[in-house]
Protein chains: 2
Amino acid sequence: MRDAAPQGTYKVQALDRAFAVLDLLGESETPLGLAQVAASLQLHKSTAHRFLMVLERHRMVERTANGKFRLGLRLFDFGNRAIEQYDLRDRAQPHLRRLVAETEETAHLALLEAARVIYIDKIEPTRAVRMITRIGASNPVHCTSVGKAMLAFLPPERAAEILRRIRYERLTTRTIATPEALRAELDKTRRRGYAVDDEELEEGLRCIAVPVLDAQRLPVAAVSVSGPSFRVTAQKLPSIANYLLQCVRGISVDMGYTPAGRATRTALSA
Amino acid sequence: MRDAAPQGTYKVQALDRAFAVLDLLGESETPLGLAQVAASLQLHKSTAHRFLMVLERHRMVERTANGKFRLGLRLFDFGNRAIEQYDLRDRAQPHLRRLVAETEETAHLALLEAARVIYIDKIEPTRAVRMITRIGASNPVHCTSVGKAMLAFLPPERAAEILRRIRYERLTTRTIATPEALRAELDKTRRRGYAVDDEELEEGLRCIAVPVLDAQRLPVAAVSVSGPSFRVTAQKLPSIANYLLQCVRGISVDMGYTPAGRATRTALSA
DNA sequence: TCTAGCTTCTCAAATGATGGGACGCGCGTC
DNA sequence: GACGCGCGTCCCATCATTTGAGAAGCTAGA
């Protein structure tokens, strides 16, 4: 059919459709009725209906009192199983909490997937303005501090592979928009030991990040501190970076990554 | 086919199979190879392969370095969207944290879905033995304190409907195993204002829970405190219950549920 | 180099999904 | 009160879609 099927070569129509339904419900602020789902996805009512019933049986969607559909809690279950393996998250939490206490700004923990970063945890300072990000959400690598932090310390080949896949979308006037600029930025990041996002993702938002290194000294994640530019000033960056470094060092230890003896400074100290 | 299709009347084979794949990967401790997946689900290699490729395209599964499959982070994204609507979770966290500090035992926040309870958050006291439950996991209502707490304060018709769906599986020697016993237990719960699970879910584990009530005074969730029976003794229950009541009152207020004036005691105080 | 075990790919067959359309319900309008 | 409308549910003949046998590749170990 005239489906907007992602270019991938393998296809199972039913699955693409089912996930389109989930996507739609996930995007929507409010639960949707059968008719709306069918219309949005250009499916016939009966088809959409069948899908929704099956999805409901699997608890991937659920119905509200008035019969509309929204995402089901089964997804929550799956989602938690999915990150379980990365028990990084649990172990990192106390460290992130301390980081937030120290900096009074929001901290994120992120993973790298393809050319995007995925936030797997977020801690906010008490009574802060709520930040935009949602746990589970993702952003392009090239305009986030966490992305740059991981990229900068990845082995050249793996970094190159990811760089190739970046589609330099411009999100603010400061977003890095060329491979050359990004390469230069990564050099800078390596030299100073931490990555900065200076309103490149969102106007008025400044972030700073460092990678979490495993026993092989490879980045497995990154931790960032983000806040409004007027609070996270250029002068404060080094001091925040220090807290960050302490934080990730703590995480690495907790994960059982041997601090690699004296080599801890190799990549990370200014 | 001779599929073990859940009895539901609507069927989309491809979806059932896809979810079976996700289930399998979710259950498995370690990533699985194509052959293992195909064998476990009695699918042909080529079929399993196609499914996995499509699931991978949707990032519902991902491949490890050695080519094996595991759940993908897209599920994590969906999962978080799914509970987003219940922002209860975020708001409840600080209160749960305080509760844990006060009781020094594990706290859970749970929702009711069909005849099961689903844990949507868990806070553990520092340096406690890690508990069994995983966020996102579920248990039958009849053998959990959170389940009984919600059930007890639900309007009779809705409670009855749920009661009808319970299949009294016996998990320990003390598990409530008949509708009558459960009904009696719910009465008791209502009278004392909190629910107790006395090793009914797991030997050696005692839990106590109270419901979180919305503006209509209906349970929308429940909070529990759980710990080893030798620490969570019968004598301590009333005092823990007190902390619990304070906790859920705080949550209700934070959620914007008007404490319903003087009526706060209607259901909840001993 | 050969074998074993795994993944990837192709294509004809037929099963299983599709969607046109009928039905029934509830609601607001005339 | 009758009518029209939008919505969800259900049925079933048709055919597009998925299926799976099998061949071809790949890798590692003997």
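Chain letters run A, B, ... following the sequence lines, proteins first and then strands; every chain starts at 1.
Between the CD atom of B:Gln13 and the C1' atom of C:dT15 there is a distance of 8 Å, rounded to whole Å. In this structure, B:Phe51 places its CZ atom 15 Å from P of D:dT17, rounding to the nearest Å. In this structure, B:Asp16 atom CG and C:dG16 atom C1' are separated by 12 Å, rounded to whole Å. Distance CD (B:Gln42) to C1' (D:dG20): 15 Å, rounded to an integer number of Å. As a whole-Å value, the separation of A:Arg17 CZ from C:dG16 P is 18 Å.
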Expected rows: protein N/O vs nucleotides 28-30 of chain D N/O, under 3.5 Å:
none

Atom pairs, protein N/O to nucleotides 12-14 of chain C N/O, distance under 3.5 Å:
none

Next item on the list: Between protein and nucleotides 8-14 of chain D, map the contacts as a letter string: B base, S sugar-phosphate only, - none, heavy atoms under 4.0 Å, written 5' to 3'.
Entry: BBB----
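Contacts of A:Glu161 classified as salt bridge (Lys or Arg N to Asp or Glu O under 4.0 Å), with partners at least two apart in sequence or in another chain: none. Remark: A:Glu62 engages A:Arg70 in a salt bridge (Lys or Arg N to Asp or Glu O under 4.0 Å) (not counting sequence neighbours).
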Could you pull out all donor-acceptor pairs under 3.5 Å where a side-chain atom in residues 176-183 of chain B meets a protein atom, sequence neighbours excluded?
| residue | atom | partner | partner atom | Å |
| --- | --- | --- | --- | --- |
| B:Thr178 | OG1 | B:Ala181 | N | 3.1 |

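Classified by interplanar angle (parallel below 30°, tilted 30° to 60°, perpendicular above 60°), the ring pair B:His58/A:Phe19 is tilted.
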